[in-house]
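First up is the structure itself, then whatever we jot down about it.
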Amino acid sequence: MTATTRVLIVNPFASGVDERRLAAVQAALPSGTETILTQAQGDATELAREWSSRADAIYVFSGDGTYNEVINGIGRDVALGFVPGGGTSVLPRALGLPRDPARAAELIASGRQRRISLGAINGRRFAFNAGIGFDAELVRKVDGLGRRFDGKRPGDVRFALTVVKTLAEHRLRYDAVLEIEGLGRAAFALVANCSPYTYAGRLGLRIAPEASFEGGLDVVAPRQVRMRAIPRLATQAVRGGHGSRDVLVGHDLDRILLRCDRPMPVQVDGEDIGDVVEAEIVAQRDALTVLC
C-alpha cells in the first residue's frame, strides 16, 4: 500500500501566524504531515507545483495571498485545506471554516471534501474575487504602506483609513472608464466567485449575494459613482443587493470580457497583479477539491 503524503505550507509572515498557533495547527493535522515555511513571495507557487505531483493533500496556513499562489501552482487536482492565518482569510471563512486556525485544521483533517469552481483573469486563477479599478486601487495603496517591523501587513484600521483617503482623492466621484461586453460601461468592476465578496472585520460584504462556489462568476459594476450614492452603495454591500438602474449585474457567467479606456489596476484574491487594458475573465467550473 502506498503511504499517504501530506504537506503543510506555512507563510510565517502572515498576520495570524505565530509559533503557538502553528504548533496547534500541526497537532490538529494528521500525523506525518511535513511542514515547510515560505521565505518570499512566489515560494508557495513553486512548492505547490512540486508537491502536487506526489501529495495526497496540501494544507496551507497563511493568508489569502498565499492561498492564491497555491491554486496557481498545483499541476493536478489535489485536495487543498486552507487554514486561516491572515488578517482577513476570506477563502476559508467563505468555505464555512471557523476563524480559529486550530479548530479549522481539525475540520480540514476530518477529510470532508467539496468541489468548487474557480475564476481566471487573463490566465491568473482566483478563488473568491477579482476586481478592476476601485478595490484593486485600494489593494495597491495598502501594499504601498509596507509591512510592520515583524513583516506582517497593516491591519483593518490602516485599511479603513486608506479607503477614506482614496475616496477623498477621487473627490467621491468615479466616472465610467471601462466597457463590459454585453452589459455596458461602468466605473469599475467587481467579480465574485462566492458570497461574501470579502470581509470588513467580522462583517461579510455581500456585494454579489447570489454568487456561489458551485456556479459561474458574478459581476457587479456601478455605471458611475457620485457622493450622494456612496452611503446607499455601502449599505447594499452589507445587506446584499444593488440598484439595477445604476449598477450593471451579471450572474453565473462563464466569460466576462472587459476593455478599459486606460490601464487600470487589477487584484485577485486581494493580490495586486498589475494593470490591464483588456481582461478576459472565465469561470473554471468544478475545478478544485477543498477540505472543509
Notebook entry, point to check: With no hydrogens and no angle check, is any side-chain donor or acceptor of Arg103 less than 3.5 Å from a backbone partner on Pro98?
Noted result: no

Notebook entry, point to check: With a 4.5 Å limit on heavy-atom distance, are the side chains of Val220 and Val247 in contact?
Noted result: yes

Check: Atom CD1 of Ile116 and atom CG of Leu91: how far apart are they, to the nearest 0.5 Å?
Finding: 6.0 Å

Check: Do Leu288 and Val268 belong together in a cluster built from hydrophobic side chains that touch within less than 4.5 Å?
Finding: no

Checklist line | Test item: Val191 and Phe126 side chains (from C-beta on) under 4.5 Å apart, heavy atoms | finding: yes

Checklist line | Donor-acceptor pair, side chain of Thr45 and main chain of Glu69, under 3.5 angstrom | finding: yes

Notebook entry, point to check: Any side-chain heavy atom of Glu46 sitting closer than 4.5 Å to one from Asp43?
Noted result: no

Next item on the list: Working to the nearest 0.5 Å, report the span between OG1 of Thr289 and CD1 of Ile58.
Entry: 11.5 Å

Notebook entry, point to check: Mind checking whether Leu95 and Leu291 sit in one hydrophobic cluster, side chains of I, L, V, M, F, W, Y counted as touching below 4.5 Å?
Noted result: no

Checklist line | Worked check of side chain to side chain contact (heavy atoms under 4.5 Å, CB included) between Ile108 and Leu97 | finding: CA-CA 9 Å; Ile108 288 168; Leu97 289 167; 3.9 Å; yes

Next item on the list: Find the distance between NE2 (His251) and CG (Leu217) and round it off to the nearest 0.5 Å.
Entry: 11.0 Å

Margin query: Let me confirm one number: the CD1-CD1 distance from Ile132 to Ile273, rounded to the nearest 0.5 Å.
Written below: 8.5 Å

Next item on the list: Mark yes or no: Arg114 above the aromatic ring of Phe213, with NZ or CZ under 6.0 Å from the six-membered ring centre and no more than 45 degrees from the axis.
Entry: no

Check: Same cluster for Val78 and Val60 if Ile/Leu/Val/Met/Phe/Trp/Tyr side chains link at under 4.5 Å?
Finding: yes

Check: In terms of side-chain geometry, is the basic nitrogen of Asp77 or Arg115 positioned less than 4.0 Å from the acidic oxygen of its partner?
Finding: yes

Note to self: So Leu248 and Arg223, do their side chains get closer than 4.5 Å, heavy atoms only?
What the structure shows: yes

Notebook entry, point to check: Mind checking whether Tyr174 and Phe134 have parallel, tilted or perpendicular rings, split at 30° and 60°?
Noted result: perpendicular

Item checked: N/O donor-acceptor pair under 3.5 Å between Arg76 side chain and Ser52 backbone -> yes

Checklist line | Contact summary for Ser89 and Gly85, nearest pair of heavy atoms | finding: OG-N, 3.3 Å

Notebook entry, point to check: Under the 3.5 angstrom rule, does the side chain of Asn122 hit a backbone N or O of Glu278 as a donor-acceptor pair?
Noted result: yes

Notebook entry, point to check: Distance-only, no hydrogens or angles: does the Glu34 side chain make a donor-acceptor pair with backbone N or O of Val7 under 3.5 Å?
Noted result: no

Next item on the list: Spell out, yes or no, whether Leu118 and Val282 are grouped together once hydrophobic residues are joined by side-chain heavy atoms under 4.5 Å, including indirect joins.
Entry: no

Margin query: How close do Asn193 and Ser117 get, counting heavy atoms only, and between which atoms?
Written below: ND2-O, 2.8 Å

Notebook entry, point to check: Do Asp252 and Arg285 meet the salt-bridge criterion of a basic N to acidic O distance under 4.0 Å?
Noted result: yes

Check: Any idea which heavy atoms bring Pro265 and Ala136 closest together, and the distance?
Finding: O-CB, 3.3 Å

Margin query: Give me the atom names and distance for the closest heavy-atom approach of Cys194 to Ala94.
Written below: SG-CB, 3.9 Å

Check: Do other residues, nucleotides or ligands put more than 12 heavy atoms under 6.0 Å from Glu169 CD?
Finding: yes

Checklist line | Heavy-atom donor-acceptor pair, Tyr67 side chain to Ser62 backbone, under 3.5 Å | finding: yes

Check: Between the main-chain N or O of Arg125 and the side-chain N or O of Asn72, is there a donor-acceptor pair closer than 3.5 Å?
Finding: yes

Margin query: Side chains of Asp272 and Lys141, heavy atoms from C-beta outward: is any pair under 4.5 Å?
Written below: no

Next item on the list: Would you confirm whether Asp56, through its side chain, and Thr5, through its main-chain N or O, come within 3.5 Å as a donor-acceptor pair?
Entry: yes

Checklist line | Smallest separation among heavy atoms of Arg21 and Gly16, with atom names | finding: CD-O, 3.0 Å

Margin query: If we ignore hydrogens and angles and just use 3.5 Å, is the side chain of Asp64 paired with the main-chain N or O of Asp269 as donor and acceptor?
Written below: no

Next item on the list: Compute both the distance and the angle, then confirm whether Arg54 meets the cation-pi test with Trp51: under 6.0 Å from the six-membered ring centre, within 45 degrees of the axis.
Entry: yes

Next item on the list: Flag the pair Asp261 and Arg185 as a salt bridge only when some basic side-chain nitrogen lies within less than 4.0 angstrom of an acidic carboxylate oxygen.
Entry: yes

Check: Can you tell me how far the CG atom of Asn68 sits from the CZ atom of Arg124, to the nearest 0.5 Å?
Finding: 4.5 Å

Notebook entry, point to check: Can you list the steps and then say if Asn129 with Gln267 is a side chain to side chain contact (heavy atoms under 4.5 Å, CB included)?
Noted result: CA-CA 8 Å; Asn129 75 31; Gln267 67 84 19; 3.0 Å; yes

Next item on the list: Check for a donor-acceptor pair, side chain of Ser212 on one end and backbone N or O of Glu214 on the other, with a separation under 3.5 Å.
Entry: yes

Checklist line | Under-4.0 Å salt bridge between Asp135 and Arg140 | finding: no

Note to self: What I'd like to find out is whether the side chain of Met264 reaches to under 4.5 Å of the side chain of Glu137, using heavy atoms alone.
What the structure shows: no

Notebook entry, point to check: Looking at side-chain heavy atoms only, is the closest gap between Thr33 and Gln26 below 4.5 Å?
Noted result: no

Margin query: If hydrophobic clusters are built by linking Ile, Leu, Val, Met, Phe, Trp and Tyr wherever their side-chain heavy atoms come under 4.5 Å apart, do Val139 and Val90 end up in the same one?
Written below: no

Notebook entry, point to check: Is the count of non-hydrogen atoms from other residues, nucleotides or ligands lying under 6.0 Å from Glu50 atom CD greater than 12?
Noted result: yes

Next item on the list: Evaluate side chain to side chain contact (heavy atoms under 4.5 Å, CB included) for Thr38 paired with Ile9, printing each intermediate quantity in order.
Entry: CA-CA 7 Å; Thr38 63; Ile9 297 174; 3.8 Å; yes

Checklist line | Flag side-chain contact, heavy atom, 4.5 Å: Glu280 against Leu257 | finding: yes

Checklist line | Closest non-hydrogen atom pair, Val276 against Val266 | finding: CG2-CG2, 3.3 Å

Notebook entry, point to check: Please walk me through it: do Asn11 and Val17 pass side chain to side chain contact (heavy atoms under 4.5 Å, CB included)?
Noted result: CA-CA 7 Å; Asn11 177 2; Val17 175; 5.7 Å; no

Next item on the list: Calculate, to the nearest 0.5 Å, the distance between atoms OG and CD1 belonging to Ser53 and Ile74 respectively.
Entry: 12.0 Å

